[in-house]
Amino acid sequence: MMTSFLFRALDARAGLFLIILLALTVAIPASNLLLPETSPLHVPTYAVTLMGKYLTYALLALSVDLVWGYCGILSLGHGAFFALGGYAMGMYLMRQIGSRGVYGDPLLPDFMVFLNWKELPWYWYGFDMFPFAAIMVLFVPGLLAFVFGWFAFRSRVTGVYLSIITQALTYALLLAFFRNDMGFGGNNGLTDFKDILGFDVQADSTRAGLFIASGLALALCFLLCRALTRSKLGKVLVAVRDAESRTRFLGYRVEHYKLFVWTISAMMAGIAGALYVPQVGIINPGEFSPANSIEVVIWVAVGGRGTLIGPVIGAVLVNFAKTWFTAALPDIWLFALGGLFLGVTLFLPKGIVGTVSQGWSALRQRSASAAYEAGSDEPPGSPDAPADVSHKRASSDASPQPAE
Amino acid sequence: MSRQTSLLYLDGVSVSFDGFKALNDLSLVIAEGEMRAIIGPNGAGKTTMMDVITGKTRPDTGEVYFNGVVDLTGEDEAAIAELGIGRKFQKPTVFESHTVWDNLELALKAPRGPFATLFHVISGGEKKRIEDLLELIRLGDKRNELAANLSHGQKQWLEIGMLLAQDPKLLLVDEPAAGMTDAETAETAELLKDIAQTHSVVVVEHDMTFVRSLGVKVTVLHEGSVLAEGSLDHVSADERVVEVYLGR
């Protein structure tokens, strides 16, 4: 059962994508650590970290594509799950600082000392242990998504209304995390990290390790999404996307399907956030900003929704462009992003990957139909009599059958 | 006929939308194995009646029972579909970005939960059943075609095939011949008659030739309640029916 589930995930295209991804995951850190700095193939550490960040964005885009591209749930609030995963990791990293903080308190993070807090809030317990933090990275976004989805999907909130509520969700969290009393560092968030699993977060080898972890997480989640979307469950999801009420009348409980995929997607976004935070060195409430979540949707749209490979490519391309633009032409970037979104919506509604594969299959279909025309004189779809229901294996010369 | 022996039992069902009475004290009984045609002018409440039976719309008053004992007013669409009521929509509604084969596979009677479908592997029996259905609805050579690329009539047939794949006890078929050519209409009538040998069927239709070719008991709806019931000849002779529907 499990093997066929995973086996289904792999075909030539997915295999090629994974090989490229894994090759880069190995090659980039290797060139950073093993090649001398003078070598033309040496990748500087800042670039490794930058690309590691892109990989976490790609994972976030993948999670949005799973719900949007395959189930038609346009989430404009996935940044919230990303940020929650990030905060869970940030809390672990804060606890690792120990007495090396500015105030030297062995238990309390600096901002709590600064706020005159005397003891650690209960919800910070356990975050000194990595396994606990790792579980929370999945559990907190997953729980929020489950509770949110339970109410939203059961009430049959769909389409643009759901999108607006997801925006409200992330905005509400933004406001909540800005408050100092929340105990998550308020405006400044969590930063000044020292160690992760005992390794210095600033060290080249740690950064390479985080890059590899991001690449592996993306590869695993890609495989998972691939297996999900190619199973019968995936077909039901697409059915929900295209004709929700028809799916209900076939006997599928649409809300259960949505809730399932929505929760998985939120957990994937949480993983992305958790890998993002140690690489950028900070997590603050700005990550909850509604604009961030909208930007993710743009990545997915540019790459091609409903393709799984598309969002990864879209996220990397758009963020590469962002890095370049904000350095070279900082004033232009937002216009370029807006223009990109308009351009893609107007001219490439299926995104880059969708358009390419559509062109490819159109070519194949044309040659197939040419072969069909050459080989058969029977026009497809000619109205003919139905075969009798009581003779299901009726011969092909079925003439109109009289009713009994 | 009493409620206990009926397959579908509607008694005194009323539904109003913003004061407009879509169904007004509608009572209708369908027996096990029966095929029934429902006719009526636009706005007579035919589609609303189907909505009530399939759980899309809750009646304001009245009783709706399936199999004599199951109260349908307390169930949602998915549960009602699982009970064995299949519905074909007026506008053919198939999953356009799925192939014909996948459309049938999705409709095929099987466990409907997310975890059941996640690990589902199609069995030989299921393949056989889909093959049979493909042959029945004459889309065998289109099995790998996307449903979006089918003609209107083919979509209607695919939807009927999906209905059969669910293996329901009762089929509700809303205007199956809409938008079909005369030849296709005649074939569809034959197909429905075949289906009616093993299932109970309720057909809503405007096309009188089509209803006549079915040769079954007819119920005429008007302004949300039953105006007349009987053979087509019987109801055609009814003056009120002529006035509201046939005469114009």
Side-chain angles (χ1 to χ4, degrees), chain A residues 1-5 7-8 227-228 231-243 245-261 264 306 361 365 368 372 376 378 380-396 398 400-404, chain B residues 54-56 76-82 86-87 89 93-98 102-103 105-107 109-110 112-122 132-133 135-139 141-142 145 150-151 153-154 157 162 164 166 181 183-184 186-191 193-195 197-198 215:
Chain A
M1 195 162 82
M2 206 63 207
T3 32
S4 72
F5 174 70
F7 187 68
R8 217 165 18 208
L228 282 177
S231 69
K232 190 176 174 188
L233 175 125
K235 291 176 185 170
V236 178
L237 293 180
V238 171
V240 170
R241 181 190 74 188
D242 290 350
S245 72
R246 187 86 197 89
T247 319
R248 279 186 209 283
F249 286 117
L250 282 183
Y252 291 101
R253 283 190 190 280
V254 168
E255 55 273 24
H256 292 184
Y257 280 83
K258 284 185 172 177
L259 191 58
F260 177 78
V261 75
I264 287 190
S361 63
Q365 199 160 22
Y372 183 78
S376 167
E378 190 194 340
S382 61
D384 219 327
D388 193 321
V389 92
S390 53
H391 306 101
K392 283 176 182 155
R393 284 283 168 194
S395 58
S396 57
Q401 304 275 341
E404 310 295 275
Chain B
T54 52
K56 193 178 176 194
D76 66 4
E77 297 100 317
I80 290 172
E82 287 283 80
R87 176 175 186 182
F89 289 81
T93 317
V94 293
F95 304 123
E96 306 235 324
S97 42
H98 278 314
D102 283 348
N103 267 281
E105 190 190 337
L106 283 175
K109 193 178 175 70
R112 294 299 203 216
F115 294 100
T117 52
L118 180 57
F119 296 110
H120 177 86
V121 180
I122 190 162
D132 290 346
L133 284 164
E135 192 164 334
L136 180 73
I137 59 173
R138 312 192 63 74
L139 291 174
D141 56 339
K142 298 260 177 209
E145 191 79 53
L150 298 180
S151 73
Q154 286 168 333
W157 278 44
M162 289 164 71
L164 290 173
Q166 290 179 67
T181 62
E184 285 173 327
E187 285 163 27
T188 306
E190 292 305 315
L191 177 65
K193 280 197 278 191
D194 285 338
I195 292 168
Q197 289 170 14
T198 44

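Residue numbers begin at 1 in each chain, while the letters A, B, ... track the order of the sequences.
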- Item | Under 3.5 Å side-chain donor-acceptor pair for B:T93 and A:R246 |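 On atom types as modelled, these side chains do not qualify, holding no pair under 3.5 Å.
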- Item | Among the listed options B:G86, B:G113, B:A186, B:G153, the residue most often paired with chain A at heavy-atom distances under 4.5 Å |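 Among B:G86, B:G113, B:A186, B:G153, the one with the most close pairs to chain A is B:G113.
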- Message: Under a 4.5 Å cutoff for heavy-atom pairs, which residue among B:S97, B:P114, B:G55, B:A107 has the most contacts with chain A?
- Response: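 Heavy-atom pair counts peak at B:P114.
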- Query: What residues form a side chain to side chain donor-acceptor pair (under 3.5 Å) with B:E82, not counting sequence neighbours?
  - Reply: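 B:E82: no side chain to side chain donor-acceptor pair (under 3.5 Å) contacts found.
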- Task: Would you mind checking if A:K258 and A:E255 are paired as a salt bridge, meaning a charged N to carboxylate O distance below 4.0 Å?
- Result: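 The answer is no: the pair does not qualify as a salt bridge.
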- Item | A:Y257: partners by ring pair (Phe, Tyr, Trp, His ring centres under 6.0 Å), with sequence neighbours left out |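 Per chain and number, A:Y257 pairs via ring pair (Phe, Tyr, Trp, His ring centres under 6.0 Å) with A:Y252.
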- Message: Is B:E105 in contact with chain A via its backbone, its side chain, both, or neither, using a 4.5 Å heavy-atom distance?
- Response: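 Contact with chain A involves both backbone and side-chain atoms of B:E105.
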- Interface moiety of B:A79 toward chain A, non-hydrogen atoms closer than 4.5 Å: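 It is both, since atoms from each part get that close.
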- Query: Who wins among A:L250, A:L237, A:V261 for the most heavy-atom pairs under 4.5 Å with chain B?
  - Reply: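 Sorted descending by pairs with chain B, the first entry is A:L250.
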- Message: Before you tell me yes or no, could you show the steps for A:R253 and B:D76 under salt bridge (Lys or Arg N to Asp or Glu O under 4.0 Å), namely the whole-Å CA-CA distance, both residues' side-chain angles and the distance that decides it to 0.1 Å?
- Response: CA-CA 9 Å; A:R253 283 190 190 280; B:D76 66 4; 2.5 Å; yes
